[in-house]
Amino acid sequence: MIRVTENLREIRDLLAKAAADASRDPASVKLLAVSKRQTISAIYEAAAAGQIDFGENQVVEGLEKIRAVADSSLKWHFIGHLQTNKTKVVAEHFDWVHSVDRLKTAERLSRQRPASLDDLNICLQVNVDDETSKSGITVTDVADLAKRVVGLPRIRLRGLMCLPAIRDDFESQRKPFACLRRLADQLRASGIPTDTLSMGMSGDYRAAIFEGATIVRIGTAVFGPRNAT
Ligand SMILES: *Cc1c(COP(=O)(O)O)cnc(C)c1O
């Protein structure tokens, strides 16, 4: 039995402590509970303990959970790779997409977002590690994509997201996060306002908070180990 309520209390304390150590307001760091491959009952328990924001990385699994949990006070964040043929479900059911890395995806989300809903919040995923290439745009493409996305209707560019390779020590963990922060600073200086840095997971949230993370995406430290796929 995983003790989600206790884990949540503990991780909230740790996040607040990291923020204080970084001379930041603890309220400026939002906890996104990554519920991918976790049970519905674990999500209920987290929600009962006051958790509002949940992250999913698969469209079908995410939609199943949103429907099963059926709680309109919760916010759902899509954080996985988004294929263009699955944008409609995401546009209709999620509140955030952290992983936009092509103009086409943003255009489809913009077109498919129902006008009856609030604007869909968007982050651009940046590949800050270029060589170990996963998803994400390169550092040099950020400004151009941001410029094209910012004017699209029904979606709102909130900021940048990264998912760097795992590093063990604090100082090396900080580097990719610092890179993302500088990119956001550059966007702001060029007249594209953003308020979100989505960065940091169970193993490196402290370094991310030191570099300015406003959303940390925490899975295992809240819910325990994930189920196998
Ligand atoms: C799974 C996942 C997380 C959470 O990882 P943990 O190490 O379990 O905290 C965060 N971000 C993304 C994009 C993920 O896919």
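Counting starts at 1 for both ligands and their atoms, in listed order. Each residue takes its place number in the sequence, starting with 1.
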field: Contacting atoms of ligand 1, where contact means under 4.0 angstrom from a heavy atom of I218
entry: 9 (O)

query: Just distances here: any N/O of A221 and N/O of ligand 1 closer than 3.5 Å?
result: no

field: Lys/Arg-Asp/Glu bridge criterion (N-O < 4.0 Å) met for E61, K65
entry: yes

message: Measuring from atom 14 (C) of ligand 1, which candidate in M201, K36, H98 has the nearest non-hydrogen atom?
response: K36

Closest approach of any protein heavy atom to atom 6 (P) of ligand 1, naming residue and atom: S202 OG, 3.5 Å

- request: Identify the protein heavy atom lying closest to atom 12 (C) of ligand 1, giving its residue, its atom name and the separation to 0.1 Å.
  value: I79 CD1, 3.6 Å

query: Do ligand 1 and N57 have nitrogen or oxygen atoms that lie under 3.5 Å from each other?
result: no

field: Over 12 non-hydrogen atoms of neighbours within 6.0 angstrom of CG in D118
entry: no

Closest protein heavy atom (residue, atom, distance) for atom 11 (N) of ligand 1: R217 NE, 2.9 Å

- line: The single option from T214, D119, D195 that satisfies side chain to side chain donor-acceptor pair (under 3.5 Å) with R158 is D195

task: Just grab all the salt bridge (Lys or Arg N to Asp or Glu O under 4.0 Å) pairs involving residues 12-40, residues at least two apart or on different chains.
output: K17-D21, D21-R206, K30-D53

task: Identify, with sequence neighbours excluded, every residue that meets salt bridge (Lys or Arg N to Asp or Glu O under 4.0 Å) alongside R154.
output: none

